[in-house]
Amino acid sequence: MSGSTKTKSESEWQAILSPEQFRILRQKATEPGGTGKYEHFKGEGIYSCAGCGTPLYKSATKFDSGCGWPAFFDALPGTVSRHEDLSGGRVRTEITCTACGGHLGHVFKGEGFPTPTDERHCVNSVSINFADEK
């Protein structure tokens, strides 16, 4: 997490996050598909990191991918970092909050969704919070 602007020790993260948030944001777990509160949510506003509050996605970039998790086709500039993930016996691209290093999910390219970027940011609902546009 070097370069993070909102660094905390693991014990500090445990003190401020719920056990489920800690498991996903800090230990890179995944919530079960189809269980997240934002998968079918349609509000207009901003999705922010549940760990540090950094705005990550506009609701205008959210789309229904049918994957079981909230899907976005693009993040706010500079807010989401990408890392090679070799876990699970395959190569994927992990996405994290640039500010705090919290695990968001994974990004997939070239799946043919009718979006401007042809990307799907598959994000755990536990990793984000929503705020209405004012």
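What's counted below: heavy atoms across the whole structure, side chains too, no hydrogens, waters or symmetry copies.
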* Does a donor on one side chain sit under 3.5 Å from an acceptor on the other, for S81 and T98? -> yes
* Under the ring pair (Phe, Tyr, Trp, His ring centres under 6.0 Å) test, residues paired with F130 that sit two or more places apart -> F41, Y47
* Asked: Got a donor-acceptor contact below 3.5 angstrom from the S127 side chain to the H103 backbone?
  -> yes
* Asked: Which value, rounded to the nearest 0.5 Å, describes the distance between R92 atom CZ and E84 atom CD?
  -> 11.5 Å
* Asked: Nearest heavy-atom pair of C52 and T54: which atoms, and what distance?
  -> SG-OG1, 3.1 Å
* To do: Determine yes or no for a side-chain-to-main-chain donor-acceptor pair under 3.5 angstrom, with K62 supplying the side chain and E44 the backbone.
  => no
* To do: Report yes or no: does E39 contribute a side-chain atom to a donor-acceptor pair with the main-chain N or O of G36 at less than 3.5 Å?
  => no
* Asked: Is the side chain of T117 donor-acceptor paired with the backbone N or O of F73 at a distance under 3.5 Å, no angle test?
  -> yes
* Asked: Got more than 12 heavy atoms from elsewhere within 6.0 Å of NZ, K58?
  -> no
* To do: Measure from the side-chain N and O atoms of K8 to the backbone N and O of I16, and report whether any donor-acceptor pair falls under 3.5 Å.
  => no
* Minimum heavy-atom distance L17-R26, with the two atoms named -> CD1-CG, 3.9 Å
* **Pairwise distance NZ(K42) to OG(S59) - rounded to 0.5 angstrom** => 11.0 Å
* OG1/T96 to CZ/R82 distance, rounded to the nearest 0.5 angstrom? -> 11.0 Å
* Asked: Do the side chain of N124 and the main chain of V126 share a donor and acceptor less than 3.5 angstrom apart?
  -> no
* Structure fact -> Closest non-hydrogen atoms of E111 and D118, given as atom of the first, atom of the second and distance, are N-OD1, 3.6 Å
* Given F63, Y38, F72, the one that forms ring pair (Phe, Tyr, Trp, His ring centres under 6.0 Å) with Y57 -> F72
* Whether W13 side chain and G102 backbone form a donor-acceptor pair below 3.5 Å -> no
* Separation of H106 NE2 from T30 OG1 (nearest 0.5 Å) -> 6.5 Å
* Taking it one step at a time, do E10 and Q27 satisfy side chain to side chain contact (heavy atoms under 4.5 Å, CB included)? -> CA-CA 10 Å; E10 290 307 294; Q27 297 178 325; 5.7 Å; no
* **Gap between atom NZ of K37 and atom OG1 of T35 - 0.5 Å precision** => 12.0 Å
* Structure fact -> Between P55 and S48 the two heavy atoms that sit nearest each other are CA-OG, 3.5 Å
* Where do C97 and L56 come nearest, in terms of heavy atoms and distance? -> SG-CD2, 4.2 Å
* To do: Determine, using the 4.5 Å side-chain heavy-atom cutoff (strictly less than), whether V107 and I128 are members of one ILVMFWY cluster.
  => yes
* Point-to-point distance, once rounded to the nearest 0.5 Å, from OG of S125 to NE2 of H40 -> 9.5 Å
